[in-house]
Amino acid sequence: MGYGNYHESIESARDAMRSTRAVDAGMFARASGGPEGGKQGIHPMLDIRRPNGKQVVASEQHPFPTPIAMFMDVTSSRGPDSLALYQAVPALLGSLRSLDLVSSPQIAWIGVGDAKSDVAGLQFSPFESDARIDQWLKELWLEGGGGGTGEESYELAAYAAGHCVDYCTEAQGRKGYAFIFGDEAPYPAVSAYETRTVLGLDLQEDVPTEQAFERLRRLFHVFLIQPRATAEERKQAIDSEMKRRLEAEGGQFREVDIRFTMRWDNLDLRAYEYWDLDLHA
């Protein structure tokens, strides 16, 4: 992690494979989109619970790196943004290098889903300096889920970025950069259950979302990039998630007279011993 140079490794790969990023982009789109032949799980290197998952950003080659964390919504509403970002990576890193804006930029991709309803609530790539930046972005699973509540697991992603990475920059008094691409709100608290199951951290009590983002701001200059969406686009995103979940359980979404949908936001099975929910018509 953290070694190499992006543009040098890209040129070497092109010479060896005689490929272009336009072709790579097509491969990326096919690999990530749709149920037929698409990804159906988290790549092992994007699972933050992997061995040695606490990342060390600095390396011998880049002792003073600038970590750049890209938080990307991979639910049904914003998943296609990943391809647009993939196409922009060479220009971004080329500008940083030519203008000498930051030292040794290293990019990590953080795929944000909904940990309360999705299989992949969070994906977190290593911070990289070379062509592996492209590799891990192409390995993101665009699950296309989301709970349809107007909230997604940005607070869990912020907590992971603040507690699962060894930042030499904090000791040096320097900050990285975090760009959050999203169109939903975070949940009001970081779930202790989700930190255990998704992050592999032993957190005993829920943490207010504000604390997770305060820690993130100590480590990064944080920017929120919020795409504008019409009410109809938001409704379509919610409906598509409800349709996916209903049909996965054998239900019928279309051509029905009445359809009731119920969901809740707690995957802690211990809670089910104490309460139940029903729908009545």
Side-chain angles (χ1 to χ4, degrees), residues 1-2 6 9-10 13 19 21-50 53 55 67-93 105-147 152-161 164-165 177-184 186 194 198-200 225 227 237 240-241 244:
M1 294 181 290
Y6 179 82
S9 59
I10 285 294
S19 64
R21 295 189 96 254
V23 174
D24 289 343
M27 295 171 59
F28 173 86
R30 290 192 298 275
S32 300
E36 297 182 2
K39 298 181 178 69
Q40 294 297 315
I42 302 177
H43 188 282
M45 285 299 291
L46 302 184
D47 188 340
I48 203 162
R49 297 169 300 177
R50 65 186 182 275
Q55 305 176 43
I68 301 174
M70 309 288 276
F71 293 71
M72 300 166 50
D73 183 340
V74 295
T75 65
S76 58
S77 61
R78 303 308 320 172
D81 292 350
S82 302
L83 180 57
L85 288 173
Y86 173 79
Q87 294 168 332
V89 167
L92 167 65
L93 290 174
Q106 296 185 6
I107 292 181
W109 305 106
I110 304 173
V112 182
D114 190 334
K116 302 185 187 305
S117 62
D118 295 346
V119 175
L122 180 72
Q123 301 170 74
F124 203 130
S125 82
F127 283 87
E128 302 287 10
S129 301
D130 59 11
R132 285 170 292 186
I133 293 172
D134 287 347
Q135 176 186 349
W136 300 135
L137 178 55
K138 289 191 290 183
E139 293 295 347
L140 273 181
W141 179 27
L142 307 185
E143 185 176 1
E152 282 155 6
S153 299
Y154 294 100
E155 78 294 335
L156 186 65
Y159 190 88
C164 296
V165 182
Y177 292 84
F179 298 93
I180 302 174
F181 298 83
D183 59 355
E184 304 284 0
E194 291 168 9
V198 179
L199 307 184
I225 301 173
S240 66
E241 167 60 12
R244 181 185 69 84

Task: Distance, nearest 0.5 Å, that separates CG of Asp73 from CD of Glu152 - done: 4.5 Å
Open item on the list: Using 0.5 Å steps for rounding, measure from the CD1 atom of Ile110 to the CZ atom of Phe124.
Closed with: 3.5 Å
Task: Nearest atoms (heavy-atom pairs only) where Tyr154 meets Phe181 - done: OH-O, 3.9 Å
Open item on the list: Between the side chains of Asp114 and Lys116, is the shortest nitrogen-to-carboxylate-oxygen separation below 4.0 Å, so that they form an ion pair?
Closed with: no
Task: Over all atoms of both residues, closest heavy-atom pair of Ser153 and Ala115 - done: OG-N, 2.8 Å
Open item on the list: Within this structure, what is the CD-CG distance for the pair Glu194 and Leu156, rounded to the nearest 0.5 Å?
Closed with: 5.5 Å
Task: side-chain contact (heavy atoms from CB on, under 4.5 Å) between Val112 and Glu184, worked out - done: CA-CA 11 Å; Val112 182; Glu184 304 284 0; over 6 Å; no
TODO: Compare every heavy atom of Met72 with every heavy atom of Leu140, then report the nearest pair and how far apart it is.
DONE: CD1-CE, 4.0 Å
Open item on the list: Measuring only between side-chain heavy atoms, which start at C-beta, is Gln106 closer than 4.5 Å to Pro67?
Closed with: no
Task: Atom pair CG (Asp118) and CH2 (Trp141), whose distance is rounded to the nearest 0.5 Å - done: 8.0 Å
Task: Where Val74 and Gly111 come nearest, the two heavy atoms and their spacing - done: CG1-CA, 4.0 Å
TODO: Test Trp109 against Ile133 for side-chain contact (heavy atoms from CB on, under 4.5 Å), laying out the working first.
DONE: CA-CA 8 Å; Trp109 305 106; Ile133 293 172; 3.8 Å; yes
TODO: Kindly indicate whether the side chain of His43, heavy atoms from C-beta on, has any atom under 4.5 Å from the side chain of Gln135.
DONE: no
Task: Closest heavy-atom pair and its distance - Phe71, Ala178 - done: CE1-CB, 3.9 Å
Open item on the list: Would you compute the distance between atom CG of Leu142 and atom CD of Gln123 and round it to the nearest 0.5 angstrom?
Closed with: 8.0 Å
Task: Distance, nearest 0.5 Å, that separates CZ of Arg132 from CE of Met45 - done: 8.5 Å
Task: Exercise: identify the closest heavy-atom pair between Val119 and Ile42 - done: O-CD1, 4.5 Å
